[in-house]
Amino acid sequence: MSKVTRRKFLRDAGIGAGALVWGCYIGPKGLFAREHLPEIIHTGVPLGKNNYFVAIVPIEGTIVITTHRAEMGQGIRSSLAAVLADELEADWSRVRLRQANADSDKYAIEFPYEVKEELPFPYNMVHRSKPPQYLIPVEGSQFTDSSRSMTAYFKPMRLFGAGVRAAFEQAAARVFNVDPSQCHASQHKVHAGGQSIDYGDPRLLFHAGKLPPAKYEDIEAALKDPKDWVFITAAKKPMPFADVSDMVTGKPIYGADQDLPGMLTAMIERCPVANGRITSFDPAPALAVPGVRKVMRVLPANVPPGGVGQRFLPHDGIAVIAENTWAALQGRRALRPTIVCDYPDDLARENAKYDSQVFRQTLKDSTAAKGMLVRKTKADLSDADFADSANVVEAEYYVPHLAQAPMEPPVAIALYRNETMEAWAPTQNPELAQQDIGRVLYGLTWDHDLDEEEIQQIRKTVTLHMPLLGGGFGRKSKPDYILEAAFLAKQNPGVPIRVQWTREDDIKFSYYNAASSQYLKAAVDGKKTTALLQRSAFTSFFGTLFPESRAKERAALFNGGIYPYGSAIERAQGLEDMPFDVPKLLIENCPAKNYIRVGWMRSVANIYHAFASGSFADELAEKKGADPKDHLLDLIGNGRIIPLPEEAVPEFNNNGLPVKIINLPVAGGKILPMVPGYPPDTRHLLAVVKKVAEVSDWNNKVKQYKGTRRGLGIAAHRSFLSYVATVIDVSLSEANELTINDVYTVVDCGLAVNPDRVKAQMEGAVVYGLSLALLGEITVKNGAVEQNNFDDYPVLRIHQTPRNISVTIMEVDKETPPTGIGEVGVPTVAPALANAIVAAGGPRIREIPFYKKVVVL
Amino acid sequence: MSIFQLHVNGRLHTVDIDGNMPLLWALRDILGLKGTKFGCGVAQCGACTVHLDGRAVRSCSVDVGVACLSKITTIEGLSPDGSHPCQKAWVELGVPQCGFCQPGQIMSAAALLTATNGANPTDEQIDNAMRGNICRCGTYPRIREAIHKAAGGAKS
Ligand code: FES
Ligand code: FES
């Protein structure tokens, strides 16, 4: 690398003057194009609406790939870049990654659900049935949530790589004066006959830069045949893991590690009650602490404190701003006793009375009455079906509030100067964070939706950098901590303010997973289940996001239940798509109000829905005297696409890919009726159950363990478009001390693009699931969360982790698109564990956390 | 405020700070060594683990006034180039997910291998040495495997 190039490269992460930049974008109405963007070479002007995922530095030939999603441990930075590099035939040792800032204009892709014009649009055909019936549309943004990165961006990344490779082949044809069909790219070079030319060769780039934009059809035709994949599915080489060497030497910059000149650190003492106000405080004791510079309110007077119905606004708080973290901590300690909170309105007053133990009963009572209809079979279920009490099984399950507790506590830096705001924040939700920072910048309140003009203005004046996240798990989808930094920055022009949360802050001011009560009742006839009633009560996050005054409007927009009922998103997570095939089925959603901030945690409503259905299946097997695995297969039935539209579910949310028919124009002017996103198909669920029985040696072990204090439990669940089945092997001592011997988990996540990270996610999900099942509980008294830190909100440690966590990935056709992985391994863990404990002669556990019923060492 | 001399990664730093400041904040905020992480502040999570004279300690719970009596090693100083056997094993097995806990994990693991004189520890020894280090991403199975590997042995 020449000195000049190196300097430029470093200055602008490779995208300064001197790079050939390829815009690869999906334009209005689904037109996909690849275009060389000559202006950047000479002028460096902004690229406007074009995604620019690939840049090439001349001569040295370094390929700079933009990674636009939030990296929080799923390895997506490397995986998506490697997909692109694979199609591009890039030599990975000559690839650099460039992390994008928040910019939804560049990175969001919307699928035109109302496809009217005859334009092709990138989608992944699902070849699970032939001819293919379903597709997964390419649709996504930077919002790294719902386990959708690979589902949404696998195809675009392939197209971007293939498009640029095809351009190089055409350019090489001009250099060599041969027909393009004679040119073939491999390993950072284009070969033609006996000659070859490197990707960095200026002659190649000169001709490539002169090519007209490519058409979508041509790029799609340039995609590699799966048999030529190198990194994808780790076909020939392991998928690269770009950050790993830095991670073991302490080099990566996480949110708290960014150093800026003149930066001050803020710690915030908050009102513990949702929607509560701090009415008075005395800054003097904090200001007396050496190193403390300022003590100030976070929220301006016209912004209501965060809590129920206030989206992602922070709780009311007083900031201690200091020269370093230790001074800020001590100042905050001195401030704390001087704070007085009050509850100015009925809402806050009610919140201040919230007691989660009392609320548990409220939830239970809610499921005692008829709820809102969620799903029903054509055959009506009635009381008469449960008349014969000897053949009725009923059970209630409870899951408390849970906190995500990512290893890195929330942290954010903001700098306000020259009417602009610049922020550095670990966030899963960069676009929303950017817009909300914009509201702070312009003093806009949260009671109206931003119009397009405001959004465009904010994009120009708010820059949000995305460092690595030290874990997210849904906590960092909510930008409250970023807003705190922005509010403080606004009051301190020219000074970068870093808001650092403590672990106590993280535990006490989360957006908690909903507390939930589930009631299930079934009628059995011999080995058959003839009728099933499920009632689900949970505090929907819609209550936290939107005030009651806007609940109706919002519900219409999001196809949600009107507060205090659950949203379409939560209903679609294991309730509407409850997989058991029974002749008479009735599922209802019962109301539950919000008194603290409720959000979502890794796998969300699937946690309580899978715990209930997975445990109840086992209770039915017990009643029938059946083997739990055989019974589970039986209960799922022959395998089918769950006929949701016929069972009173007109529009199933399906992880944001609603199951409804659209007419897709395809090549040749034909129309193909298609279902975007593929619907719950229990044949895949049956397949993972059978597979996990095989890998866990279920049949033999069940016989072997009979009559001992060792046992197996099983559960299966579909979430985020993927199917998982899990078997857990446990032992119980005479004193009911629990040992988890083995966990076997099987996942069908479509194409496993990066098998090692799929495995890692599944291993981690087992640990996460065991954490919440054994130990997870947030309780609230007088509106304030009672837990503080990892001593009273424990999470799984290494000595509690089973020695064997075995992950099996189902083989699928290479044309099958990838589906979710980040969250999908969590839901089956709690029910499989509860069922295993029963099999080992322990108690039936119907509530989380389990440590209250068995001894967890 | 007082003057302290801190021996960190083979270098001597003179700092003028409150002697009650936990070593963690001195490392991060005063010396700019950001590899040592803050996860709990109360010796519960191990994200802040460093070595004092080769022993693993939680830097959030050791005051500068005490730490200045020992030689301090942080993740940045564990090896000059990421070549410590633990670091190598961690890379080979792809242990990290988000990576945030890993500096602390590696410092605890390295101290364990020093304590066993490089011999392959048993799973029980690993559990005991590593139970103070939380990994919320759940990389424990790979951490175990990597420690065995770093010790040059197969799984015990
Ligand atoms: S930060 Fe020191 S042990 Fe958690
Ligand atoms: S790798 Fe994320 S906390 Fe351990």
Side-chain angles (χ1 to χ4, degrees), chain A residues 71-75 241 243-254 256-257 259 265 290-291 323-327 329-330 405-409 468-473 500 502-504 756-757 760-761 763-768 771 789-791 795-799 801-805, chain B residues 1 17-18 20-22 24-26 28-30 32-42 44-45 47 74-76 78-79 81-82 84 86-88 90-91 94-103 106 123-124 126-128 130-144:
Chain A
E71 174 57 59
M72 52 191 156
Q74 72 288 45
F241 185 173
D243 298 308
V244 71
S245 301
D246 283 354
M247 281 176 174
V248 302
T249 49
K251 284 199 194 81
I253 303 291
Y254 294 87
D257 304 335
D259 234 340
T265 297
E323 283 159 20
N324 58 57
T325 319
W326 175 237
L329 268 166
Q330 285 181 304
M407 207 64 225
E408 167 200 52
L468 291 179
L469 279 68
F473 312 118
Q500 175 67 60
T502 61
R503 177 59 58 195
E504 288 80 1
D756 181 64
R757 288 301 97 183
Q761 282 302 298
E763 290 163 3
V766 166
V767 172
Y768 209 85
S771 267
N789 206 314
F790 289 126
D791 48 355
V795 297
L796 211 73
R797 292 174 181 273
I798 196 167
H799 67 283
T801 302
R803 294 280 156 85
N804 172 30
I805 299 180
Chain B
M1 296 295 208
I17 48 175
D18 173 1
N20 294 326
M21 182 187 282
L24 170 66
W25 300 119
R28 289 186 55 85
D29 291 358
I30 312 298
L33 292 168
K34 310 279 189 179
T36 306
K37 302 299 182 198
F38 166 61
C40 72
V42 292
Q44 280 287 323
C45 78
T74 70
I75 187 71
E76 291 92 343
L78 184 63
S79 68
D81 50 2
H84 186 280
C86 284
Q87 290 169 317
K88 284 187 358 205
W90 250 246
V91 170
V95 173
Q97 289 185 27
C98 80
F100 194 80
C101 72
Q102 301 298 344
I106 290 170
D123 279 351
E124 286 69 29
I126 292 176
D127 279 356
N128 286 332
M130 303 301 294
R131 63 192 287 168
N133 287 79
I134 291 173
C135 174
R136 191 62 168 141
C137 296
T139 64
Y140 302 128
R142 294 193 194 207
I143 288 174
R144 256 191 215 131

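Proteins get letters first, then strands, A, B, ... in listed order; numbering begins at 1 in each. Side chains are part of it too, since the values below use all heavy atoms of this structure and drop only hydrogens, waters and symmetry mates.
When atom types are taken as modelled, the side chain of B:R28 and the backbone of B:L33 share no donor-acceptor pair closer than 3.5 angstrom. Not a single donor-acceptor pair under 3.5 Å links the side chain of A:Y768 to the backbone N or O of A:F473. B:R136 places no side-chain N or O within 3.5 Å of a backbone atom of A:V795 that could act as its donor or acceptor partner. Between the side chain of B:T36 and the backbone N or O of B:L24, no donor-acceptor pair lies under 3.5 Å.
The candidate from B:T139, B:I17, B:D18 with the greatest count of non-hydrogen atom pairs under 4.5 Å with chain A is B:D18. Heavy-atom pairs under 4.5 Å with chain A peak, among B:P103, B:C40, B:G82, at B:C40. Heavy-atom pairs under 4.5 Å with chain B peak, among A:V244, A:D243, A:I805, A:V766, at A:V244. Per-residue heavy-atom pair counts under 4.5 Å with chain B were compared for A:N324, A:T265, A:D246, and the maximum is reached by A:N324. Comparing B:R142, B:E76, B:M1, B:M130 by how many heavy-atom pairs each has under 4.5 Å with chain A, the most go to B:R142. With respect to chain A, the highest number of heavy-atom pairs below 4.5 Å among B:C137, B:C135, B:P141, B:P96 belongs to B:P96. Among the candidates A:G73, A:S245, A:G75, the residue making the largest number of heavy-atom pairs closer than 4.5 Å to chain B is A:G73.
Checked by atom type, the side-chain pair B:D29/A:W326 shows no donor-acceptor distance below 3.5 Å.
For A:M247 against B:G99, the heavy-atom pair with the smallest separation is SD-CA, 3.9 Å. The two atoms that bring A:G470 and A:Y254 nearest to each other are N-CD2, 3.7 Å, heavy atoms only. Between B:I75 and A:V248, the shortest heavy-atom contact is CD1-O, 3.4 Å. The minimum heavy-atom distance linking B:F38 with A:R503 is given by the pair CZ-N, 4.1 Å.
Of the atoms belonging to A:F241, it is side-chain heavy atoms, and not backbone ones, that fall under 4.5 Å from chain B. Of the two parts of A:M72, only the backbone, made up of N, CA, C and O, holds a non-hydrogen atom closer than 4.5 Å to a non-hydrogen atom of chain B. Contacts between A:D756 and chain B at a heavy-atom distance below 4.5 Å involve backbone atoms as well as side-chain atoms. For A:L329, the part lying under 4.5 angstrom from a heavy atom of chain B is the side chain only. Looking at B:I30, the atoms closer than 4.5 Å to chain A (heavy atoms on both sides) all sit in the side chain, from C-beta outward. In this structure, chain B has a heavy atom under 4.5 Å from the side chain of A:E504, while its backbone stays farther away. Neither the backbone nor the side chain of A:Q74 comes within less than 4.5 Å of any heavy atom of chain B. Looking at B:N128, neither its backbone nor its side chain comes within 4.5 Å of chain A, counting heavy atoms on both sides. For chain A, the nearby part of B:I143 is the side chain; its heavy atoms alone come within less than 4.5 Å. Contacts between B:I134 and chain A at a heavy-atom distance below 4.5 Å involve backbone atoms as well as side-chain atoms.
Looking at residues two or more places apart in sequence or on another chain, you find a side chain to side chain contact (heavy atoms under 4.5 Å, CB included) between A:T249 and A:K251, B:Q87.
Look at B:D127 and A:R797 and you find no salt bridge, because none of the NZ, NE, NH1 or NH2 atoms lies under 4.0 Å from a carboxylate O.
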